[in-house]
Amino acid sequence: MSDVAERLAGAMAQWGASDGPLYKQLSTSIMSLAETGALEYGSTMPSERELAGALHLSRNTVKAAYQVLRDEQWLETRQGHAPVLKSASKGEVMMTAMMHDAVLPDGSDLVNLAWGGPSIAPIVTTMLTTPLEIDPGLTAAGVGLPETNGEILPEALAQMFRDMGVAASPDEFAITNGGLHSLSLLLDALVRPPATIVLEDIVWGDVPDTVNRSRARVASMPMDEHGIVADLAVQIIHAARPELILTTNFHNPTGVTIPEDTAIAILRAAADVGAIVVDNRCAAELAMASDMPRPLAAYDSGASVITLGSMSKVFWHGLKIGWIHANPTLAKHLQRMRDFYDCGAPPVMQHLAGILMRDHWESTAQWRRDQINASMQAGIDQINASGLPVEINMPPGGAWLWLRTPGYDPVALMKRARREGVMVTPGPLYATRPGADSQAIRVSCVGQPAEVRAGIDRLALAF
């Protein structure tokens, strides 16, 4: 059986009961797999006879499905040659020239609702101005390598994970410069072309850009207003057989989380194909309309799970310290890679970060949630008062409002909004593939309520 036939068989095994003739179900499923990148542009498709045997269908059913794909210009056929998937289908990075508009010039009086980096927490101001108040015994020692950094931060992280139901020890953590640095290190360590990575089809813009640099093939899990569509995600995982599956709690830009039944389905599918699940929890503390999501590593699923986290969303965007939780061997390897790249973290900052995690994590996380919740509620109230023609709900978490804009081009809206004095980010900037549900704009709520209300007033003028 060819590789494509095997992948199709794995995906079709996840079929549920569907309406319509079998040939139509088959052609629709192949198009869906192509649209998400689970089948690559240029793939040689199995013959009618081979695919019929693999799927236990009649040859006439496959022949009719292939004819639909030809009519829809999905297949290219030449006499004497196997059909080839014609339409470009690989997930694409949508970091276009519009991105520079999301960064405000110095001295600008624009209201910046595009920027998602939280302001500095009071305890961090204290740490930077009077560090001896945080640790009276502080001394500057060591060169930033694991042996000289001390154990406060890894110990604090291990305790936090244990409190969440994950059996963790300090030697399972690699310390990084933040969430994106963690992902970059992980891809450098684990991904070699032609590996495949599965991620959500709407995701923070720098993630697909980082994945793209790994030269991996990309497949994407469809999302709706509730998050990842579980049955389609399982189908795609079985078809693509990826090395890594990237997931997010709480999701940027939509704020959705992964419900328990969806998490279990993804983890089981990952175990089936031997994929590693990467649980991005950089914003997991920012629970708004729901509880903090359970770490995927806490599930007894049989899947391998690596967890990414960061101090930025709780303490300050400028505090560039993150972590990777993995098995001890991989964690040590990742730390050595990091030490080779930049000689490790500044030992004083990592020591103080450990004290922040140990003594001030919960209280500062609650302070941050209260701050963002006030700004988010102010934004929703102002949207309703202004009569903006958008669809909006309080998100489960995160620091952003995902405003669906039916009938409006999000990129054109972003440009008009800038002329009215407010910056927002358009949904297509977060799409990993053409056709992803990105008919929306993201409004950041990390600023003060008054700033968010003023930005919404200006945004209303763009409609």
Side-chain angles (χ1 to χ4, degrees), residues 3-14 32-40 43 89-91 166 172 182-203 207-208 210-223 227-249 251 258-281 293-308 324-327 329-331 333-334 432-433:
D3 175 63
V4 172
E6 184 177 354
R7 289 159 65 191
L8 282 170
M12 302 314 171
Q14 308 301 315
S32 296
L33 292 171
E35 285 175 339
T36 60
L39 288 179
E40 293 291 307
S43 294
S89 60
K90 187 174 183 179
V166 181
E172 295 173 350
S182 296
L183 178 60
S184 182
L185 274 177
L186 203 57
L187 296 181
D188 283 352
L190 299 180
V191 175
R192 297 291 181 273
T196 298
I197 298 174
V198 168
L199 62 160
E200 299 119 329
D201 68 2
I202 299 290
V203 72
V207 170
T210 302
V211 169
N212 191 53
R213 287 197 297 271
S214 74
R215 295 182 294 152
R217 298 185 299 183
V218 175
S220 59
M221 298 179 285
M223 299 182 67
I228 296 171
V229 182
D231 57 342
L232 295 179
V234 169
Q235 187 181 52
I236 288 159
I237 290 166
H238 280 95
R241 297 187 172 274
E243 281 69 17
L244 293 180
I245 301 167
L246 307 186
T247 63
T248 313
N249 278 307
H251 183 266
I258 303 177
E260 184 166 317
D261 56 348
T262 301
I264 291 171
I266 291 172
L267 288 167
R268 287 176 176 169
D272 289 343
V273 301
I276 298 171
V277 179
V278 179
D279 183 12
N280 179 353
R281 294 181 60 82
R294 185 182 177 194
L296 297 186
Y299 289 85
D300 184 14
S301 65
S304 297
V305 177
I306 295 172
T307 308
L308 310 184
I324 303 170
H325 175 247
N327 65 69
T329 301
L330 178 57
H333 175 62
L334 292 167
T432 60
R433 63 175 178 87

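In this chain, numbering begins with 1 at the start of the sequence shown.
For D261, the CG atom is densely surrounded, since the number of other residues' heavy atoms within 6.0 Å is greater than 12. Summarising the local packing, CZ of R268 is surrounded by 12 or fewer heavy atoms from other residues, nucleotides or ligands at distances under 6.0 Å.
With values rounded to the nearest 0.5 angstrom, I258 atom CD1 is found 13.0 Å from R294 atom CZ. Atom CG in L330 sits 6.5 Å away from atom CG in L186 (nearest 0.5 Å). For the atom pair OG1 (T307) and CD (E172), the distance works out to 10.0 Å, reported to the nearest 0.5 Å. In this structure, OG in S304 is found 12.5 Å from CG in L296, a value given to the nearest 0.5 Å.
Take T210 and apply the side-chain contact (heavy atoms from CB on, under 4.5 Å) test, not counting sequence neighbours, and it matches L180, L183, S184, L187, R213. Listed by chain and number, the residues in a side-chain contact (heavy atoms from CB on, under 4.5 Å) with S182 are T176, L308, I324 (sequence neighbours excluded).
Side-chain atoms of V273 and P242, non-hydrogen and from C-beta on, do get closer than 4.5 Å to each other. Side-chain atoms of D279 and N249, non-hydrogen and from C-beta on, do get closer than 4.5 Å to each other. Looking at heavy atoms from C-beta onward, P222 lies in side-chain contact with I236 at the 4.5 angstrom threshold. Side-chain contact between V191 and E243: absent, with no pair of heavy atoms (C-beta onward) separated by less than 4.5 Å. For the pair L246 and N280, the minimum side-chain heavy-atom distance is 4.5 Å or more. Residues I264 and E260 have side chains in contact (heavy-atom distance under 4.5 Å, counting atoms from C-beta outward). Contact of the V211 side chain with the T432 side chain is not registered, since no non-hydrogen atoms from C-beta on lie closer than 4.5 Å. Between V207 and T248, the closest side-chain pair of non-hydrogen atoms is not below 4.5 Å.
In plain terms, the two heavy atoms of L334 and A189 that are nearest each other are CD2-CB, 3.7 Å. Taking every heavy atom of both residues into account, A270 and A303 meet most closely at CB-CB, 4.3 Å. Counting all heavy atoms, side chain and backbone alike, I228 lies closest to T262 at O-CG2, 4.1 Å. Minimum heavy-atom separation, S214 to P193: O-CG, 4.0 Å. Considering every non-hydrogen atom in both M221 and V198, the closest pair reads CG-CG1, 3.4 Å. When all heavy atoms are compared, the tightest approach of V203 to H251 is CA-NE2, 4.0 Å.
For the pair H333 (side chain) and T329 (backbone), a donor-acceptor distance under 3.5 Å is absent.
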